[in-house]
Amino acid sequence: MLIPRFWMASPNYWWLLVWSRLWNPSFKFQRAKKLTVLATFLGSSLVGTTYQHPLYERVSSVVAGGDYITTESGTGLVHTAPGHGQEDYLTGLKYGLELLSPVDDVGKFTTEAGSSTVVGDSFVGKSVLGEGNVAVIEALEEAGALIRAEDYGHKYPYDWRTKKPTIFRATDQWFASVEGFREDALKAVDTVKWIPDIGKNRITSFVSSRGDWCISRQRSWGVPIPVFYDKATGGTEILLNEDTLNHIQSIFAEHGSDAWWRMDVVDLLPEKYKDQADKWTRGTDTMDVWFDSGSSWAGVTQQRANDDMGLGFPADIYLEGSDQHRGWFQSSLLTSVAANDGQAPYKSVLTHGFVLDEKGFKMSKSLGNVVNPLAVIEGGNNKKLEPAYGADVLRLWVASVDYTGDVRVGSNIIKQTFESYRKLRNTARYLIGNLADFDPKRDSVPYDDLPSMDKWMLGTLSNVLKEVDEAMSEYQFSRATQELLRFSTSDLSNFYLDVAKDRLYISAVDDARRRSCQTVLHALLEGFAKSIAPVLPHMAEDIWQNLPYRSEGDESSVFEGGLPEVLISYPSFDTEKWSLVRDIRTDVNQVLELARKDKMVGASLDAAAYIYTSDEAVRHTLDQLDGDESLISPSLKTNGVDELRTALMMSQVNLVDSDEEISSACDSAYITKGELSGCTIGVKKADGVKCGRCWFYDKAVGKHGRYGSDLCQRCDSAIFSWEEKTGGKFSAITQEAPVA
């Protein structure tokens, strides 16, 4: 550290020591018209010299301070008060300075401040931060020791609750040394799973640098430290041993810790010390609350260990904010390691950030930006502005954010979460609504008989459920939630469930393509309900209680039975094939959007697609999915499910052998090179007539004649099957033109 150079100036009889960089010839003081520089010297030359206190008969030495002394204000020569600040205290220890702290528990000067030969005892009883400050300034002026007094900005710690300056005092305290088991504590850290991993670095840093633990506090509440002090010696002699501790323990067990304050000293002392009751006074210090909470493992887990009830020591997990690495996590670790032969009190520790408002500010009542969870659940006074979202939406928000850092919440964020909630709920409604006539025992299609698309969907479901289960097990709730939302939106709503509408609504009731789809929907619904249950328990239970195929009187819950093994055992199937189909579907939809804007087509079924690829493997896959020219049931070339027409939801799909064939069939405005599939894709208006039932265009519409002139063969066959099954009679509804 560089030793500063000082100027020494003398205004008549005043001598002023100033750091040379702060010296300004224009300095003016009340007691001096002009300052003259007498000499310059290094600050180090002052160390060891003495000076007389201006108010007290006290001679003190000049010492070299630390890095906490700056030149932002002052003269570079500062006072040191070892009894009123940590840095000054350490400097005092280094130089053997007297530890003086003339301030009492309520912030007023004690008699130690009243031994001045100049002011007598006029300081005693005055508030340090109030009238005491004024009295000291007046005393310095009276003694002729004050050159100048002025207000200036100064950084100083304030109490966050009372908004008042903090007074630091050196007082007698109880300490617990961690030096004897620090290494054991660090070894115990390695046996714990820290979530996230950075938590291990934080706790290791705090334990490694931990000094003696001050376990006493001066508060009017808390668990008392059961020590007795000798009245005659002013507390230098204490009574604290195994006998007194055991006696106090038995009293606390029967009457609670408040007995320390309510009972007489004679009753608090064990029998062998009762005749000395007049000699002792009880201590008023309370235990550090971190020691209280840090030893909670003893009462919560260790004393209640019960294998039958699933309780044991150490605890499975400790959960708290990221600030607790210096607090509860550390105090729990230290107390347990010291008392349990080096064993940590927990197997895992999870830490999370803090909740901020939408703008990233800390929530505060004074700022009025606190989000009340109950208002999110039940709504505010104005339900239009503050609707009741329910507990599930709040839980979904909690599960969807990355808790490893600070998270934001507010009305707009909750609205976005509600939209995600609605997507999940609408998915469940779709699944339930399309299983109304499905009996799993009667109508399920064996796995081996399912179409490729359905096997692919079941394999995808199993992968999603395993991903969600793994994420939940690792406490990665946002990962699990995002996977469920992605699956619900991308795999289900945007593809499988959209394609399934043709099978569910158009096919005959017992058509294999419909029952196979319902078989998959049944698995999807149960897997969906089970997977969302930890996050959305109300929705999950609502689904479970409304399963259309439940046996009457069955009162089982979604939370019983766990996740069926069969739902997570389906293998991945034809993944590359259906990834290709979905890529082509995305590319086709982009061209369709252009055609819609130009009013060439409306719905996708109004269009026909032309597809060309030079990739032989891709062409081979597409050829396997090429369906019959017309809509017929049963299909001849495919199983009626694994084909491009229904996967793309287009009336016709034509696989051609060159780009030229597409150019000759389609307008150049509706031809593109697919970004995902790499195929050349063209779109045009579909050929044929629109079927009045399925809305597909087909050249054979109206040629079957049983139920009218606007039906394709597939729909004609489905209606005939319905009549045979139900005994009902189909009749077309015709509308007469309005009379002018």
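Values in this document were obtained by computation on a predicted structure and should not be read as measured data.
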Would Leu140 and Leu55 count as a side-chain contact (heavy atoms from CB on, under 4.5 Å) if you check the C-alpha gap in whole Å, the side-chain angles of each, and the deciding distance to 0.1 Å? CA-CA 7 Å; Leu140 289 171; Leu55 299 182; 3.9 Å; yes
Check each of Trp290, Phe291, Phe175 against Trp213 using the ring pair (Phe, Tyr, Trp, His ring centres under 6.0 Å) test, and report the only one that passes. Phe291
I'd like to know whether Leu319 forms a side-chain contact (heavy atoms from CB on, under 4.5 Å) with His352, so could you lay out the CA-CA distance, the side-chain angles of the two residues, the decisive distance to 0.1 Å, and finally the verdict. CA-CA 8 Å; Leu319 169 67; His352 56 78; 3.9 Å; yes
What pairs meet the side-chain hydrogen bond (donor to acceptor under 3.5 Å, both in side chains) rule with one or both residues in residues 261-272, with sequence neighbours excluded? Asp243-Lys272
Say whether, by atom type as modelled, one donor and one acceptor occur between the side chain of Arg217 and the main chain of Cys214 under 3.5 angstrom. yes
Looking at every heavy atom in both Val63 and Thr91, which two are closest together, and how far apart are they? CG2-CG2, 4.0 Å
Any non-hydrogen side-chain atom of Phe329 less than 4.5 Å from a side-chain atom of Glu320? yes
For Gly83, does its backbone N or O pair with a side-chain atom of Asp88 as donor and acceptor, under 3.5 Å? no
Find out whether Leu245 and Pro226 are in side-chain contact, i.e. whether some heavy atom of one side chain is under 4.5 Å from a heavy atom of the other. yes
To the nearest 0.5 Å, how far apart are CD1 in Ile251 and CG in Leu268? 5.0 Å
Taking Val535's backbone N and O only, do any of them form a donor-acceptor pair with Arg395's side chain (distance below 3.5 Å, no angle check)? yes
Side chains of Val349 and Lys193, heavy atoms from C-beta outward: is any pair under 4.5 Å? no
Does atom OH of Tyr89 have more than 12 heavy-atom neighbours, drawn from other residues, nucleotides or ligands, at distances under 6.0 Å? no
Using 0.5 Å steps for rounding, measure from the CD1 atom of Ile225 to the CG atom of Asp285. 5.5 Å
Using modelled atom types only, decide if a donor and an acceptor are shared between the side chain of Asp230 and the backbone of Thr236 within a distance under 3.5 Å. no
Does Asp190 CG have over 12 foreign heavy atoms under 6.0 Å away? yes
Gln249 atom CD, neighbour heavy-atom count above 12 within 6.0 Å: no
Side chains of Thr351 and Arg202, heavy atoms from C-beta outward: is any pair under 4.5 Å? no
Atom CG of Asn241 with >12 non-hydrogen neighbours under 6.0 angstrom: yes
Any side-chain heavy atom of Tyr389 within less than 4.5 Å of one from Ile377? no
Please confirm whether Trp260 and Phe228 have ring centers closer than 6.0 angstrom. yes
One should read off an interatomic distance between Trp328 CH2 and Ser296 OG, to the nearest 0.5 angstrom, of 5.5 Å
Heavy atoms of other groups near Asn381 CG, more than 12 under 6.0 Å: no
Which heavy atom in Ser332 sits nearest to a heavy atom in Ser293, and how many Å separate them? OG-O, 4.0 Å
Pair Trp297, Asn340: side-chain N/O donor-acceptor within cut-off below 3.5 Å: no
With a 4.5 Å limit on heavy-atom distance, are the side chains of Pro102 and His84 in contact? yes
Are His247 and Leu269 close enough, and set up right, to give a side-chain contact (heavy atoms from CB on, under 4.5 Å), and what steps lead you there? CA-CA 7 Å; His247 183 66; Leu269 290 168; 5.6 Å; no
Short question: side chain of Tyr156, backbone of Thr166 - any donor-acceptor pair under 3.5 Å? yes
Are the side chain of Thr204 and the backbone N or O of Asn201 linked by a donor-acceptor pair below 3.5 Å? no
Electrostatic pair Asp105-Arg169, nearest N-O below 4.0 angstrom: yes
Quick one: list whatever passes ring pair (Phe, Tyr, Trp, His ring centres under 6.0 Å) with His255, sequence neighbours left out. none
Is it true that a side-chain atom of Arg210 and a backbone atom of Val178 form a donor plus acceptor pair closer than 3.5 Å? no
Please tell me if the side chains of Asn369 and Ser364 come closer than 4.5 Å, counting only heavy atoms from C-beta onward. yes
Smallest heavy-atom separation, Pro82 atom then Glu98 atom, equals CG-O, 3.8 Å
Heavy-atom closest pair, residues Gln343 and Pro314: NE2-CD, 3.3 Å
Tell me, with the steps shown, if Gln330 and Val207 meet side-chain contact (heavy atoms from CB on, under 4.5 Å). CA-CA 7 Å; Gln330 184 182 172; Val207 173; 4.2 Å; yes
Working to the nearest 0.5 Å, report the span between OG1 of Thr171 and CG of Leu99. 9.5 Å
Quick one: does Glu358's side chain get under 4.5 Å of Ser411's, heavy atoms only? yes
If you draw a 6.0 Å radius around NZ in Lys274, do more than 12 non-hydrogen atoms from other residues or ligands fall strictly inside? yes
Intermediate values then yes/no, salt bridge (Lys or Arg N to Asp or Glu O under 4.0 Å), Asp278 and Lys231: CA-CA 8 Å; Asp278 292 339; Lys231 296 178 183 178; 5.4 Å; no
Shortest non-hydrogen contact between Val192 and Ala344, atoms and distance: CG2-CB, 3.8 Å
Heavy-atom neighbours of Asp159 CG exceed 12 at 6.0 Å: yes
Does CZ belonging to Phe361 count more than 12 external heavy atoms closer than 6.0 Å? no
Any donor-acceptor pair under 3.5 Å linking the side chain of Ser295 with the backbone of Asp292? yes
What is the minimum heavy-atom distance between Ser61 and Tyr51, and which atoms define it? O-CE2, 3.9 Å
Sub-3.5 Å donor-acceptor pair from the side chain of Thr335 to the main-chain atoms of Gly294, do we have one? yes
Asp357 (side chain) donor-acceptor with Met363 (main chain) under 3.5 angstrom: no
